[in-house]
Amino acid sequence: MDQAPAFQIETTPSGDIARLRGAWTLPGFARLQPALDGHRQIATVRRIDLGDIERLDSAGALLVARVLKRNGLDLDALEKASDEQRALIAATRATLDQQVAHARPKHWTDLFERAGHATAVLVDQVRRMLGFIGLVAVRFPSVMVQPARWRLTSIVSHVEQTGVDALPIVALLSFMVGAVITFLGATVLQEFGASVFAVELVSFSFLREFGVLLTAILLAGRTASAFTAQIGAMKAREEIDALRTLGMDPVDILVLPRLLALLVVLPLLTCVAMAAGIIGGLVICATSLDISSAMFLARLQDTFEFRHFLVGVIKAPVFALVIGIVGCLQGFEVGGSAESVGRHTTTSVVQAIFLVIMLDAVFALVFQTLGI
Amino acid sequence: MSTTPDTLIQVRGLVNQFGTQRVHDGLDLDVRRGEILGVVGGSGTGKSVLMRSIVGLRPPDGGSVKVFGQQLDALDDRARRAIERRFGVLFQDGALFSSLTVGENVEVPLREYHPELDARQRDLIADLKVGLAGLPESAGDKFPSQLSGGMRKRAALARSLALDPDILFLDEPTAGLDPIGAAAFDRLIRTLRDALGLTVFLITHDLDTLYSICDRVAVLAERKVLVCAPLPEVEAFDHPWIRDYFHGPRGRAAQAATASQAVPDRQGTDR
């Protein structure tokens, strides 16, 4: 076992000498550093005796080199040092000499700096998003008029990934939400003896709002993140740059097929969600409430208005564009590292869901004002 | 124990295979204290696999690997970790933690093994390692993605030096560096070896590195170490791959370059 490291400073006619002993290694650093720096005679040390040192590693050498530097001594001040110790201390000293003043420590006023930085980042993000929307708006029509450049294979593949594969989860989720809403509504309406209005409640809410909103939120989580991760991974491995150098437009190749696929898929999935939600209501009415399936369907037919369906489904393409643009844009924002892919994937989901819900609220306001 | 105190790593009869493909079959290798051992071999001869077997990242399919006279896979977790702490490993792409700055990367092992150090003391040590690895101090506050390839290698080297390892494993440290940067990296490794008393296990394709800093060279081919000796002996070894490697146009150029430099170089490093 190594002897505990220690030192003492002795006064001699030729100046103070620090005698070190024991193992001057990393485990002793935490104790030695304050003891050495705080010693009242440390500034007058002229020589350092390493004769009794058992082991010296770079942490110990750092302590010795700091004393040398602070007192303006050179390697001649070392006594009884072995060649290896001398070399180690020389290398450490040389490194210390290159170091300049240390970076500014953290301060509470940094808070303002960070708040300002975050604001600037936010403004910049909005600007980039608008820029990207503009870019897509320019590319979109020019590709649309040339069916040869539609990249059908890519579109079909994305329709499968974002639509067909998402079908079960969208249907199941809407079914369950439909059931819950019917149940809640019926419970409240029963007090007024109007539990049959639960039929209108579920059809109305699913046609106008929930069908499209649930689908959009699900796709924002499922698809926006997938787009960001796919494009981001390509960006991180310089594949996007490779496309550019091959004279191909990344927006044409990567963004438009994804957007087109979403534009096809989201309205279709919305219809599925509407149907599943209403079926959920029907099942609850038939099993837990005294409304038979026949009665449910008859009432549904009586109260159904096409405009409710339109109000719902018209929002789908808008949400599709939002999800696709946010997902792709975040993918392009990815920097060089894998960590950056993860961060932008999170951002893309949060932004997509936020924008979807916000736009939905705006739509609701507009439709109410118009009285639709 | 058959290991002499000067043999830090002793590999005997190592077998490694992936599926039915045998990469190593009865491979023997010794690494001696204080030397820089260059490991060369064509692509796919299992240089990195050998390194991973030695540092314990890949349990060998046969044979034994002794480090500091102890067999890693026979030890319990505690003892094993104590030995692993004496390794410094520089992976091919640096393997820096991308969510941490360079300085924080160096501090990771310090935090883990030396909780008694306070933040300022950790900074002192991390700054020293960053400086020893030849990076400017400002690099300590940067993230790995903000560094050039050469600087990232140096930052990874700084992290591998954090705990003052006895053995440094370098996996193609100069790959992807420009010749000037590569030569500087070679010099840095030799300087660190001399100053810190390291033993270096160095995988490389770089002939200049072999000629300028390696004490011995091990050639991997035919699933084992063909020869492990100082360069002149390796060059003279009769095997088609070695002939092509050392006596091809690149080999001759590297040889000529070292021969013309040899005299001033020696004075600089040998004490």
Side-chain angles (χ1 to χ4, degrees), chain A residues 23-37 55-66 69-70 75 81-106 235-238 334-343, chain B residues 34 85-86 93-101 103 109-110 113-138 140-149 152 158 161-166 188 191-198 269 271:
Chain A
W24 279 55
T25 52
L26 191 52
F29 187 85
R31 209 167 46 74
L32 280 173
Q33 187 262 327
L36 197 62
D37 283 1
R55 285 204 308 131
L56 182 75
D57 70 0
S58 66
L62 174 61
L63 292 173
V64 176
R66 274 163 53 93
K69 186 181 180 189
R70 158 186 195 148
L75 293 179
S82 68
D83 284 351
E84 291 79 25
Q85 290 169 345
R86 205 174 278 275
L88 177 56
I89 293 170
T92 313
R93 176 73 204 269
T95 308
L96 282 186
D97 285 344
Q98 283 166 6
Q99 290 178 354
V100 276
H102 205 271
R104 198 173 59 90
K106 290 195 171 83
K235 180 82 188 292
R237 286 195 304 247
E238 296 183 318
V334 164
S337 65
E339 186 238 353
S340 169
V341 177
R343 204 173 50 233
Chain B
R85 218 181 299 180
R86 298 166 71 182
D93 297 320
L96 288 164
F97 304 123
S98 54
S99 55
L100 303 178
T101 64
L110 293 175
Y113 291 116
H114 294 282
E116 78 277 4
L117 296 170
D118 65 31
R120 213 180 67 85
Q121 291 173 334
R122 271 200 308 268
D123 276 352
L124 281 176
I125 296 175
D127 287 347
L128 170 68
K129 306 291 163 152
V130 168
L132 278 177
L135 285 170
E137 210 194 355
S138 58
D141 295 327
K142 288 190 178 143
F143 286 94
S145 54
Q146 295 170 301
L147 301 178
S148 69
R152 221 171 324 180
L161 291 174
L163 294 176
D164 278 284
D166 291 321
L188 173 67
T191 312
L192 288 176
R193 189 269 308 255
D194 293 341
L196 305 178
L198 296 168
T269 55
R271 272 178 313 276

Q: Could you tell me whether the side chain of A:R86 and the main chain of A:L75 form a donor-acceptor pair under 3.5 Å?
A: yes
(Q) Using a 3.5 Å distance criterion without hydrogens, assess whether the side chain of A:D57 forms a donor-acceptor pair with backbone atoms of A:G60. (A) yes
Q. In terms of heavy-atom proximity below 4.5 Å to chain B, should A:R66 be classed as side chain, backbone, both, or neither?
A. side chain
Q) Under a 4.5 Å cut-off applied to non-hydrogen side-chain atoms, are A:T25 and A:L56 in contact? A) no
Region of [X] in contact with chain A, defined by heavy-atom distances below 4.5 Å:
X: B:R122; result: neither
X: B:L161; result: neither
X: B:D164; result: side chain
X: B:A162; result: backbone

Q: Among A:A90, A:A91, A:S58, single out the residue with the greatest number of heavy-atom pairs under 4.5 Å to chain B.
A: A:S58
Q | Where A:P34 and A:F29 come nearest, the two heavy atoms and their spacing | A | CD-O, 4.3 Å
Q.
With a 6.0 Å cut-off (strictly less than), is the heavy-atom count around CD of B:E116, excluding the residue itself, greater than 12?
A. yes
